[in-house]
Amino acid sequence: DVQLQAFGGGLVQAGGSLRLSCAASGFTFDDYAIGWFRQAPGKEREGVSCISGSDGSTWYADSVKGRFTISSDNAKNTVYLQMNSLKPEDTAVYYCAAVRIPNYWSYSAIDYWGQGTLVTVSS
């Protein structure tokens, strides 16, 4: 009965913005870190950002620091990823994911995966 529902993907021009949402249900929110992986065509799936449901601490991949901001609304069990100054290399399928604290934000450690939402950034 665990679900991670992702929304907000779309097509934008380079320099534009998108906001992704991930609604979580079926588990205790504050026991997990929740965030995003992405997979671009021909590339490995990579961690993008995550936030702790317990204390709000955050992590960002170097490639998105200063451009993306992750936040959470614990009352709604929802995590948001505000993506600004988008670049063509941000084009990917973005996957919401959750890992039990204190495990690392890595592909092999993920406990729950949501469906992907496609972000396409035109040049």
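Note that the structure is predicted; figures quoted are calculated from it, not measured.
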Here the side-chain hydrogen bond (donor to acceptor under 3.5 Å, both in side chains) pairs for residues 1-15, sequence neighbours left out, are none
Taking the side chain as every heavy atom from C-beta outward, state whether Ile34 and Cys96 have any pair of such atoms under 4.5 Å apart. yes
Output all residues satisfying salt bridge (charged side-chain N to carboxylate O under 4.0 Å, His left out) with Arg67, sequence neighbours left out; order by chain, then residue number. Asp90
Examine Val64 and Leu20 and state if one hydrophobic cluster contains both, with Ile, Leu, Val, Met, Phe, Trp and Tyr joined whenever side-chain heavy atoms are less than 4.5 Å apart. yes
Not counting sequence neighbours, list each pair that qualifies as a disulfide (SG to SG under 2.5 Å) and has a residue in residues 53-86. none
Can any side-chain N or O of Ser52 pair as donor or acceptor with the backbone N or O of Asp55 at less than 3.5 Å? yes
Contacts of type side chain to side chain donor-acceptor pair (under 3.5 Å), residue Ser108, not counting sequence neighbours: none
How long is the gap from CE on Met83 to CG on Leu18, to the nearest 0.5 Å? 4.5 Å
With sequence neighbours excluded, what pairs up with Asp62 under the side chain to side chain donor-acceptor pair (under 3.5 Å) test? Lys65
Under the ring-ring contact (aromatic ring centres under 6.0 Å, His included) definition, can you give me all pairs with a residue in residues 23-50, not counting sequence neighbours? Phe27-Tyr32, Phe27-Tyr112, Tyr32-Tyr112, Phe37-Trp105, Phe37-Trp113
Residues that Thr91 engages under side chain to side chain donor-acceptor pair (under 3.5 Å), provided they are two or more places apart: none
Check: residues 115-123 side-chain donor-acceptor pairs under 3.5 Å, at least two apart:
unit_1	atom_1	unit_2	atom_2	d
Gln115	OE1	Ala6	N	3.3
Gln115	NE2	Ala6	O	2.8
Thr117	OG1	Gly9	N	3.1
Ser122	OG	Val12	O	3.4

Side-chain touch Leu86/Phe68, heavy atoms, less than 4.5 angstrom: yes
Ignoring hydrogens and angles, write down the donor-acceptor pairs under 3.5 Å from the side chains of residues 74-81, residues two or more places apart or on other chains.
unit_1	atom_1	unit_2	atom_2	d
Asn74	OD1	Ser72	OG	3.1
Asn74	ND2	Gly53	O	3.1
Thr78	OG1	Lys76	O	2.9

Partner set under side chain to side chain donor-acceptor pair (under 3.5 Å) for Ser17, not counting sequence neighbours: Asn84
Pairs where residues 42-52 contributes a residue and the test salt bridge (Lys or Arg N to Asp or Glu O under 4.0 Å) is met, not counting sequence neighbours: Arg38-Glu46
Considering all heavy atoms of both residues, which atom of Leu4 and which atom of Ala24 are nearest to each other, and what is their separation? CD2-CB, 3.6 Å
Counterpart residues, ring-ring contact (aromatic ring centres under 6.0 Å, His included), relative to Phe7 (two or more places apart): none
Determine whether Asp31 and Ile101 satisfy the following criterion, side chain to side chain contact (heavy atoms under 4.5 Å, CB included), listing intermediate values before the conclusion. CA-CA 6 Å; Asp31 288 340; Ile101 296 168; 6.0 Å; no
Can you tell me how far OH of Tyr94 sits from OG of Ser49, rounded to the nearest 0.5 angstrom? 11.0 Å
Does Tyr60 use its side chain to pair, donor to acceptor, with the backbone of Ile70 at less than 3.5 Å? yes
